[in-house]
There are 2 protein chains.
Amino acid sequence: MKSHQVTIKDIAKILGISASTVSRALKDHPDISFETKKKVKELAEELKYKPNAIALSLQSNKSHIIGIIVPQIVHHFFSTVISGIEEYAGEKAYNIIITQSNENPEKEISNCRTLLSGRVDGMIVSRTKDTENFDHFRNVLGTGTPIVFFDRTCHGIKTDKVVIDDYKAAYEATEYLIKTGCRNLLHFSGPENLKITSKRMWGFADALKKNHFPFNEDLIIKADSFEEGRKMIFKLHKENKLPDGLFTVNDMTAAGAMSALNELKIKIPEEISVFGFTNGAISKITSPSLSTVEQNGHLMGYTAAEILINKIENETHEVLTKILPTKLIIRNSTRHL
Amino acid sequence: MKSHQVTIKDIAKILGISASTVSRALKDHPDISFETKKKVKELAEELKYKPNAIALSLQSNKSHIIGIIVPQIVHHFFSTVISGIEEYAGEKAYNIIITQSNENPEKEISNCRTLLSGRVDGMIVSRTKDTENFDHFRNVLGTGTPIVFFDRTCHGIKTDKVVIDDYKAAYEATEYLIKTGCRNLLHFSGPENLKITSKRMWGFADALKKNHFPFNEDLIIKADSFEEGRKMIFKLHKENKLPDGLFTVNDMTAAGAMSALNELKIKIPEEISVFGFTNGAISKITSPSLSTVEQNGHLMGYTAAEILINKIENETHEVLTKILPTKLIIRNSTRHL
DNA sequence: ATAAATATCGCAATCGTTTGCGAATTCGTT
DNA sequence: AACGAATTCGCAAACGATTGCGATATTTAT
């Protein structure tokens, strides 16, 4: 099928010179005469010669490929990050190979293997919710392949990270709810072993404490999906325990909660304010539109790629954690100041 | 940085045998004695030897990489398709390299170049809305690299396609609106040079005609995003031209329309039914939840990968167009039968 | 015992490109 | 005229793995 792609040897043969001369001519090596260069370049142009990236990789031991592992490509936040990675990588002439773990630690391990044997120059990773053993990442680092984690990082591994200040953002969101008159707050939270969700939880808790609100663990409820958000609202409603302010671990959960509240004819934000997290695509679509924390996924990906490629090309060994700024996006699911 | 990855030569040197023997031992070549095989395999295991994919590629002229070009990774439908591609590719030990054109034909051309010089074995593509010249795709095909188009295909290029029957799906959706009592229908449409949107439009038009409804071009309105959907509803409302049934070219547009209708306190579906297209993530989130056409992106990607890899490995030359089934998803933005 | 068959392994070329080093040619200088 | 310098280019090795073929060594058959 594959018809023969033009190689440097083809050009050499046609011109009756050696392959080395062609190679040097194409990259303006001073040893080559102007005339030879001209002939070579013209023919290369005519035959649409493209250097064989694979041969170059073999030579240089660099593939110019970045491997990515995310839980799900379909998830809006992750695809935003990927898009950011792709942008910076493109600028630097890197390609990206994407794999997804589907929140399955086993798959994550096999993804590492795949990318390693694909000889990627580095990896950008957001781990599974359930990843507890990090040996596969240590193996990768052991081969000299750098990793940059984003969003969901791994505790106890010495490597670069790009995150946001989940604690601070949650604190601010909670305080906004308080300032706009909410007196009875609740937080829908995610799995505890994820640092980002526990940080958001602590931000919520500390904001309450600082503002002299009573706090106990009943104010933290496990719910981190559209369905669970819905269910939990119905449950709270039945038990007559609905709050007047709700801060959720992500936008989807908020959307689920709002969907239930709408069905119950409970007015948002008059009777209950809802604050999400992530500023995903859905936050503009909900009724009413959702106040949320902007977590700039594109920038996160872009930054991760920047750090990684810099590490690849300059072989620096310093380990840094980059904290990206967040900001509150106030829409119509919360009252105004 | 990159510490030396163990190669076949390392194993050979340690064991005092030749590289060729190691190579054959690892793949159970009958020429090699049992003892030698055992020694080689044990050492390979111990040193965590992984064959160098790049060297293999150079040898076989196969990279085991599939290149993907989509307008936007972030778009839910496309990321669903990518996820499907990734799944089948993973099963067949292929990697995927993803590029996005950002709806920019220039970028699409450069993406083709990038993937070509990355020596991908084949490509899966959904083109830009504005791509009018297809020469870059013809160039790719000219190098013997097969392409499978999905969703947005290219007219006049002889290559495989995976699509849905947009016409039929639109026809059925429209007919559903009619059957549930809508008498005054409108269609929010996309750019005309995209086959999929014009097919959806014709499906809408023919359903009207078949049901003896008057049809004229005023029933087709250009609006294919959340914002435009919103604006157009407000405009129609001001002009007192709101329909009692709305079929949109995609879910986002429907969501925008519903957002405006909600603000105008117009009841869905009592006063106006809304029918979307795609069954994206947002269709469950809208208030009320959106009736829509299921366009199985995951299956589309999976199928495209199947066709492509089959073509790569078996070097078949037949060109086929696979039409995937759709079905109506009836939720709460339309009345029931 | 000798030829033939078998078992086991190494040499070298190959994939496409790069690069140090040496070779050949031309030019300039005295 | 002769010698050194400069110009221009080719040879060959290297990257890691595969594979046809040839080279031993061992065993079997006659």
Side-chain angles (χ1 to χ4, degrees), chain A residues 2-41 43-44 47-65 93 116-121 143-144, chain B residues 2-41 43-44 47-65 93 116-121 143-144:
Chain A
K2 279 226 176 186
S3 46
H4 180 71
Q5 286 275 79
V6 177
T7 76
I8 228 166
K9 291 186 185 174
D10 298 325
I11 296 180
K13 198 172 292 171
I14 295 176
L15 258 34
I17 57 182
S18 79
S20 18
T21 302
V22 175
S23 172
R24 279 186 261 250
L26 287 173
K27 36 186 49 180
D28 271 331
H29 191 288
D31 269 11
I32 308 299
S33 72
F34 178 77
E35 289 176 35
T36 309
K37 281 180 187 172
K38 190 172 170 225
K39 278 193 296 183
V40 169
K41 286 179 183 176
L43 187 57
L47 300 181
K48 289 180 191 163
Y49 165 77
K50 290 190 192 64
N52 186 320
I54 294 171
L56 290 176
S57 294
L58 182 59
Q59 180 92 13
S60 64
N61 200 25
K62 296 247 156 70
S63 63
H64 259 233
I65 295 178
L116 262 193
S117 73
R119 291 304 200 271
V120 297
D121 288 344
T143 70
Chain B
K2 279 226 178 187
S3 47
H4 181 71
Q5 285 276 76
V6 17
T7 76
I8 227 166
K9 292 186 186 175
D10 299 324
I11 297 179
K13 198 171 293 173
I14 295 176
L15 257 35
I17 57 182
S18 79
S20 17
T21 303
V22 175
S23 171
R24 279 185 263 250
L26 287 173
K27 36 186 48 181
D28 271 331
H29 191 287
D31 270 12
I32 308 298
S33 72
F34 178 77
E35 288 176 36
T36 310
K37 281 181 187 173
K38 191 173 170 224
K39 278 192 295 181
V40 169
K41 286 179 183 176
L43 187 57
L47 300 180
K48 289 180 190 163
Y49 165 77
K50 290 189 191 64
N52 185 320
I54 294 170
L56 291 176
S57 294
L58 182 58
Q59 180 91 13
S60 63
N61 200 24
K62 296 249 158 70
S63 62
H64 259 235
I65 295 178
L116 263 192
S117 72
R119 292 300 199 274
V120 298
D121 288 344
T143 70

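Excluded from the calculations below are hydrogen atoms, water molecules and symmetry mates; all remaining heavy atoms, backbone and side chain alike, are included. All chains are named by letter (A, B, ...) in the order of the sequence lines, taking the proteins before the strands, and each is independently numbered beginning at 1. These figures come from a predicted structure and were not determined experimentally.
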Heavy atoms only, 4.0 Å cut-off, all strands: where does [X] land among base, sugar-phosphate and nothing?
| X | value |
| --- | --- |
| A:Lys9 | base |
| B:Ile54 | nothing |
| B:Asn52 | sugar-phosphate |

[X] [atom1] to [N] [atom2]: how many Å, rounded?
| X | N | atom1 | atom2 | result |
| --- | --- | --- | --- | --- |
| B:Leu56 | C:dG16 | CG | C1' | 15 Å |
| A:His29 | C:dC21 | NE2 | C1' | 12 Å |
| B:Leu26 | D:dT19 | CG | P | 13 Å |
| A:Ile32 | C:dT18 | CD1 | P | 12 Å |
| A:Arg119 | D:dA17 | CZ | P | 7 Å |
| A:Phe34 | C:dT26 | CZ | P | 21 Å |
| B:Ile17 | D:dA23 | CD1 | C1' | 17 Å |
| A:Gln5 | C:dT17 | CD | C1' | 15 Å |

Report yes if a side-chain nitrogen or oxygen of [X] is closer than 4.0 Å to either non-bridging phosphate oxygen (OP1 or OP2) of [N]; otherwise report no.
| X | N | result |
| --- | --- | --- |
| B:Thr7 | D:dC15 | no |
| B:Ser18 | C:dG10 | yes |
| A:Ser23 | C:dT18 | yes |

By nearest atom, which of the nucleotides [options] is closest to the [X] side chain?
| X | options | answer |
| --- | --- | --- |
| B:Arg24 | C:dG16, D:dT18, C:dG10 | C:dG10 |
| B:Asp31 | C:dG10, C:dT8, C:dG16 | C:dT8 |
| B:Gln59 | C:dC9, D:dC9, D:dA17 | D:dA17 |
| A:Pro51 | C:dT17, D:dC9, D:dT18 | C:dT17 |

From A:Ser23 OG over to A:Ile32 CD1, what is the distance, rounded to the nearest 0.5 angstrom?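 Those atoms lie 9.0 Å apart.
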
Please determine which of B:Val22, B:Ile14, B:Val6 meets the side-chain contact (heavy atoms from CB on, under 4.5 Å) test together with B:Leu43.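 Exactly one option meets the side-chain contact (heavy atoms from CB on, under 4.5 Å) with B:Leu43, and it is B:Ile14.
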
If you compare all heavy atoms of B:Leu26 against all heavy atoms of B:Ala44, which two are closest, and at what distance to 0.1 Å?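 Shortest heavy-atom separation between B:Leu26 and B:Ala44 comes out as CD2-CB, 4.0 Å.
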
Return the minimal non-hydrogen interatomic distance between B:Lys50 and A:Leu116, and the atom names on each side.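 Reported closest heavy-atom pair: NZ-CD1, 4.2 Å.
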
DNA chain D: 5'-proximal contact among B:Tyr49 and A:Ser20 (nearest heavy atom):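 On the 5' side of the pair lies A:Ser20.
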
Got a donor-acceptor pair under 3.5 Å from the side chain of [X] to the base of [N]?
| X | N | result |
| --- | --- | --- |
| A:Ser57 | D:dC15 | no |
| A:Thr36 | D:dC9 | no |
| B:Asn61 | C:dC15 | no |

Please check this pair: side chain of B:Lys37 against backbone of B:His29, looking for a donor-acceptor N/O pair closer than 3.5 Å.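 Checked: pair present.
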
Go nucleotide by nucleotide along DNA chain C from the 5' end; which of B:Gly16 and B:Ala55 gets its closest nucleotide reached first?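 The 5'-side residue here is B:Gly16.
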
Map B:Ser60 and A:Lys27 onto DNA chain C by nearest heavy atom, then report which one ends up closer to the 5' terminus.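 Nearer the 5' end of the strand: B:Ser60.
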
With a 4.5 Å cut-off on side-chain heavy atoms, are A:Leu15 and A:Thr21 touching?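 No, every pair of side-chain atoms sits at 4.5 Å or beyond.
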
